[in-house]
Amino acid sequence: MRRRDDGPAVDLGTRHYHRAMSDAPALHEQVLQRRANRQRMRALGLDPYGQRETGLCSLAEAKGAYDPGADEAYQKEGKTPGFADRRPERAVAGRVMLLRDNGKLIWMNLRDHTGDMQVAVSARDCASPGFDAAKLSDLGDIIIARGRLMKTKTGEITLWAGEIRPASKCLAPPPAKHEGLQDVELRYRQRYVDMWANPETMDVFFLRAKLITALRRFLDERGFVEVDTPVLQTLAGGAAARPFVTHMNALDIDLFMRVAPELFLKRLLVGGMPRVYEVARNFRNEGVDRSHNPEFSMVEVYEAFGSYDTMRELTESLLRSLARVVIAHRTGREPGAAEPLVLEFGGHAIDYARPFDVVTYGALFERALGFGLGDDGKVREAARARGLKTEGVDRLLLVQELFDEAEASIDPARPTFVIDYPAPLCPLTRSKTSDPSVAERFELFIAGMELANAYTELNDPDIQEAKFREQLGGIKDEEKTFRTIDEDFLNALRVGMPPAGGLGVGVDRAIMLLTGNSSIREVLLFPLMRPR
RNA sequence: GAGGGCGUAGCUCAGUCGGUAGAGCAGCGGACUUUUAAUCCGCGGGUCCGGGGUUCGAGUCCCCGCGCCCUCACCA
């Protein structure tokens, strides 16, 4: 039988180490040392991996429990016979971040998800074998400390340990204690190290969780029902994106992972749900960059008898309420009703309290390009000047190309709704009754990012079918494998879908904006990394 | 997909003109019961991302590859 300490090489945390493990029998000296310390703990009867504990409190709670009066009384009369020590006692657990061994008095700084706290372990006051456990602790170990709260002579709240127990050995040498883990690649690949070594990483994900909770609460309060629709689909519809394909053995069929929940959510309106939403993980088999990950989250919202106008109000209110959550998280207090809600992103101070800008597609185009999108001659001239092919190309397709410049002209610091797209560019959107050339659609741009997209949904099955077929006509052969008409969806429309507003918001992008991170990887716990 | 940058000790980083591979922290041995990035004395630690080339000699120059980051194009 193999001794536990000769066990298989676990991944101990660095690329160099990982590589060394695979072809060298000898472990790195620092790891060997940690294993040796673990063995010494066992020899003393300590379990380096701990046990269930009850009654632990967080480091922040422990610090908050400090009682100056009780501490002062102890300083004055602690040595008097019969003195009753009333300094609060707490038990905490955390990772050892700093270790100062003064011989018979050991200082350590523990860290948990609420912060750091100093613990003192004195040979005189700590029950055996706690002092030895402290002696054998390495940076990165998780330990449990129980003791009374006091202040050192320099005024730092400290837990004076009466008891120390190991809770988990850290066999991997931890990152530098002050710099933290700086290597971006390692931070993403080993998020479990990044999170405790860099508290700001932990903060982003706690804030992300709060924002998603707030998003749900916002929609719930407005009467939207959260639903779950299939991720594995026999047809990948709802967005013009390349899907991931997989295979189901039992039925011997190919399945697609969803690129959007849209077509299922609309079926629910047909079924009679008045307001639905889904926080949907979507999968798109496309490129990766700082705002795209192959799997990403979107919230899609549908409101029977709504329109793109109701969706616009909803979007603006939603972002405003999320901005409040961020500010409350940062400042520890709710911002007042009239207060600006300024969050910084990419060097821009964006005020979410101020009403968002609204501009029509046509007006924005004209403002940026200097002529109207209906001016066929000028559109073609401008397109040619930019090296685009123009012969036989529909004017509006050229307009769409030129519109990039219009988008770029939007003030990045001002959240801006671009509304009323040319109808031919949005075949699946309902046109204005008063002007069939205009589609009731908006996109929201903030800091140059497209954050939301909404429509007054098309609910005439014959028009929908005609547009589906028209769209399908112009696609490349390779796309035909996954772009087929969802006949059942058309059937649902024939059953009758109420007029509705529909909205999609990129959740990860919203989190980026609201938390001030310019890379989607910073707001995804485990972004996709190429395997090494 | 195109262009640019980066990859050196466990971590954070230096490394000049091509000439014996460095620092701080971490680690090891020792001292120390109020430290605060503890301090003091002593010691060990390298596949310079991988492969090839040029050269008497390559961490450094050239080529190929891998990974990550940035910019641009496309998808949200």
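Chain letters run A, B, ... following the sequence lines, proteins first, then strands; residues in each count from 1.
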**Student:** What is the distance from CG of A:Leu139 to C1' of B:rU12, rounded to the nearest Å?
**Tutor:**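 The answer, rounded to whole Å, is 15 Å.
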
**Student:** According to salt bridge (charged side-chain N to carboxylate O under 4.0 Å, His left out), does anything in residues 502-516 of chain A pair up with another residue at least two apart or in another chain? List the pairs.
**Tutor:**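 Pairs touching residues 502-516 of chain A that pass the test: A:Arg208-A:Asp508.
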
**Student:** When you check the phosphate oxygens OP1 and OP2 of B:rC68, does a side-chain N or O of A:Arg189 lie under 4.0 Å from one of them?
**Tutor:**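 Checking B:rC68 against A:Arg189, a side-chain N or O does come within under 4.0 Å of OP1 or OP2.
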
**Student:** Roughly how many Å is it from CD in A:Glu185 to P in B:rC70, rounded to a whole number?
**Tutor:** 12 Å

**Student:** Relative to the 5' end of RNA chain B, which residue comes earlier, A:Arg509 or A:Pro531, by the nucleotide with the nearest heavy atom?
**Tutor:**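 Looking at RNA chain B, the more 5' nearest nucleotide goes with A:Pro531.
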
**Student:** Restricting to nitrogen or oxygen on both sides, can you table the protein-nucleotides 41-45 of chain B pairs closer than 3.5 Å?
**Tutor:**
| residue | atom | partner | partner atom | Å |
| --- | --- | --- | --- | --- |
| B:rG44 | N2 | A:Glu29 | OE1 | 3.2 |
| B:rG44 | N2 | A:Glu29 | OE2 | 2.2 |

**Student:** Enumerate, atom names and distances included, each donor-acceptor pair closer than 3.5 Å involving a side-chain atom of residues 170-180 of chain A, sequence neighbours excluded.
**Tutor:**
none

**Student:** In terms of side-chain heavy atoms, does A:Tyr188 have a donor or acceptor partner in A:Glu522 at a distance below 3.5 Å?
**Tutor:** yes

**Student:** Pick the C1' atom in B:rA26 and in B:rA37, then give their distance to the nearest Å.
**Tutor:**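 So the two C1' atoms sit 12 Å from each other.
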
**Student:** Report yes if a side-chain nitrogen or oxygen of A:Arg521 is closer than 4.0 Å to either non-bridging phosphate oxygen (OP1 or OP2) of B:rC69; otherwise report no.
**Tutor:** yes

**Student:** When the distance from CG of A:Leu98 to C1' of B:rC11 is rounded to whole Å, what number comes out?
**Tutor:**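 Going from CG in A:Leu98 over to C1' in B:rC11 covers 14 Å.
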
**Student:** Tell me which nucleotide, if any, is Watson-Crick or G-U wobble paired with B:rC32 when both distances must be under 3.5 Å.
**Tutor:** none

**Student:** Identify, residue by residue, the members of residues 440-458 of chain A with a heavy atom below 4.0 Å from RNA chain B, and return them in order of residue number, or none.
**Tutor:**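 Correct list: A:Glu450.
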
**Student:** Give me the distances for all protein-to-nucleotides 21-25 of chain B N/O pairs that come in under 3.5 Å?
**Tutor:**
| residue | atom | partner | partner atom | Å |
| --- | --- | --- | --- | --- |
| B:rC25 | O3' | A:Lys177 | NZ | 3.4 |

**Student:** Does any nucleotide pair with B:rG44 by Watson-Crick or G-U wobble geometry, both distances under 3.5 Å, and what is it?
**Tutor:**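 Pairing partner: none.
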
**Student:** Given the P atoms of B:rC11 and B:rC56, what is the spacing between them in whole Å?
**Tutor:** 37 Å

**Student:** Does anything in residues 122-134 of chain A form a side-chain hydrogen bond (donor to acceptor under 3.5 Å, both in side chains)? List the pairs, not counting sequence neighbours.
**Tutor:** A:Asp125-A:Trp160

**Student:** Applying salt bridge (charged side-chain N to carboxylate O under 4.0 Å, His left out), which residue pairs with at least one partner in residues 439-456 of chain A are found, sequence neighbours left out?
**Tutor:**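 Sorted pair list: A:Lys432-A:Glu440, A:Arg441-A:Glu443.
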
**Student:** Name all residues meeting the side-chain contact (heavy atoms from CB on, under 4.5 Å) criterion together with A:Arg216; count only those two or more places apart in sequence or in a different chain, and write none if there are none.
**Tutor:** A:Ile212, A:Asp220, A:Glu226, A:Tyr277, A:Val279

**Student:** Pick the P atom in B:rC17 and in B:rA73, then give their distance to the nearest Å.
**Tutor:**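 Their P atoms lie roughly 37 Å apart.
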
**Student:** Examine A:Phe256 together with A:Phe244 and report whether their ring centres are nearer than 6.0 Å.
**Tutor:** no

**Student:** Does a distance-only test, which skips hydrogens and angles, find a donor-acceptor pair under 3.5 Å between the side chain of A:Asp289 and the base of B:rC74?
**Tutor:**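 It does, because a donor-acceptor pair links the side chain of A:Asp289 to the base of B:rC74 below 3.5 Å.
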
**Student:** In whole angstrom, give me the gap between the C1' atoms of B:rG15 and B:rG22.
**Tutor:**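 Rounded to whole Å, the distance is 7 Å.
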
**Student:** On RNA chain B, compare the nucleotides closest to A:Pro174 and A:Ser519; which residue's is nearer the 5' end?
**Tutor:** A:Pro174

**Student:** Could you please name the partner base of B:rA2, counting Watson-Crick and G-U wobble pairs only when both distances are under 3.5 Å?
**Tutor:**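 Check on B:rA2: paired to B:rU71, both distances under 3.5 Å.
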
**Student:** Below 30° counts as parallel, above 60° as perpendicular, anything between as tilted: where do the rings of A:Tyr361 and A:Phe365 land?
**Tutor:** parallel

**Student:** Do any N or O atoms of the protein come closer than 3.5 Å to N or O atoms of nucleotides 33-35 of chain B, and which pairs are they?
**Tutor:**
| residue | atom | partner | partner atom | Å |
| --- | --- | --- | --- | --- |
| B:rU33 | OP2 | A:Lys104 | N | 3.4 |
| B:rU33 | N3 | A:Ser122 | OG | 3.2 |
| B:rU33 | O4 | A:Arg124 | N | 3.2 |
| B:rU34 | O2' | A:Lys153 | NZ | 2.7 |
| B:rU34 | O2 | A:Lys153 | N | 3.4 |
| B:rU35 | O2' | A:Arg100 | NE | 3.1 |
| B:rU35 | O2 | A:Arg100 | NE | 2.7 |
| B:rU35 | O2 | A:Arg100 | NH2 | 2.6 |
| B:rU35 | O2 | A:Gln118 | OE1 | 3.3 |
| B:rU35 | N3 | A:Gln118 | OE1 | 3.0 |
| B:rU35 | N3 | A:Gln118 | NE2 | 2.9 |
| B:rU35 | O4 | A:Gln118 | NE2 | 2.7 |
| B:rU35 | O4 | A:Thr152 | OG1 | 3.0 |

**Student:** A:Pro412: what forms a side-chain contact (heavy atoms from CB on, under 4.5 Å) with it, not counting sequence neighbours?
**Tutor:** A:His348

**Student:** Could you pull out all residues at least two apart from A:Asn198 that satisfy side-chain hydrogen bond (donor to acceptor under 3.5 Å, both in side chains)?
**Tutor:** A:Asp194

**Student:** Side-chain donor-acceptor contacts of residues 93-101 of chain A below 3.5 Å, not counting sequence neighbours, with atom names and distances?
**Tutor:**
| residue | atom | partner | partner atom | Å |
| --- | --- | --- | --- | --- |
| A:Arg95 | NH1 | A:Gly140 | O | 2.8 |
| A:Arg100 | NH1 | A:Asn109 | OD1 | 3.3 |
| A:Arg100 | NH2 | A:Asn109 | OD1 | 3.1 |
| A:Arg100 | NH2 | A:Gln118 | OE1 | 2.8 |
| A:Asp101 | OD1 | A:Gly103 | N | 2.8 |
| A:Asp101 | OD1 | A:Lys135 | NZ | 3.0 |
| A:Asp101 | OD2 | A:Lys135 | NZ | 2.9 |

**Student:** Within the structure, does a side-chain N or O atom of A:Arg34 lie under 4.0 Å from either OP1 or OP2 of B:rG10?
**Tutor:** no

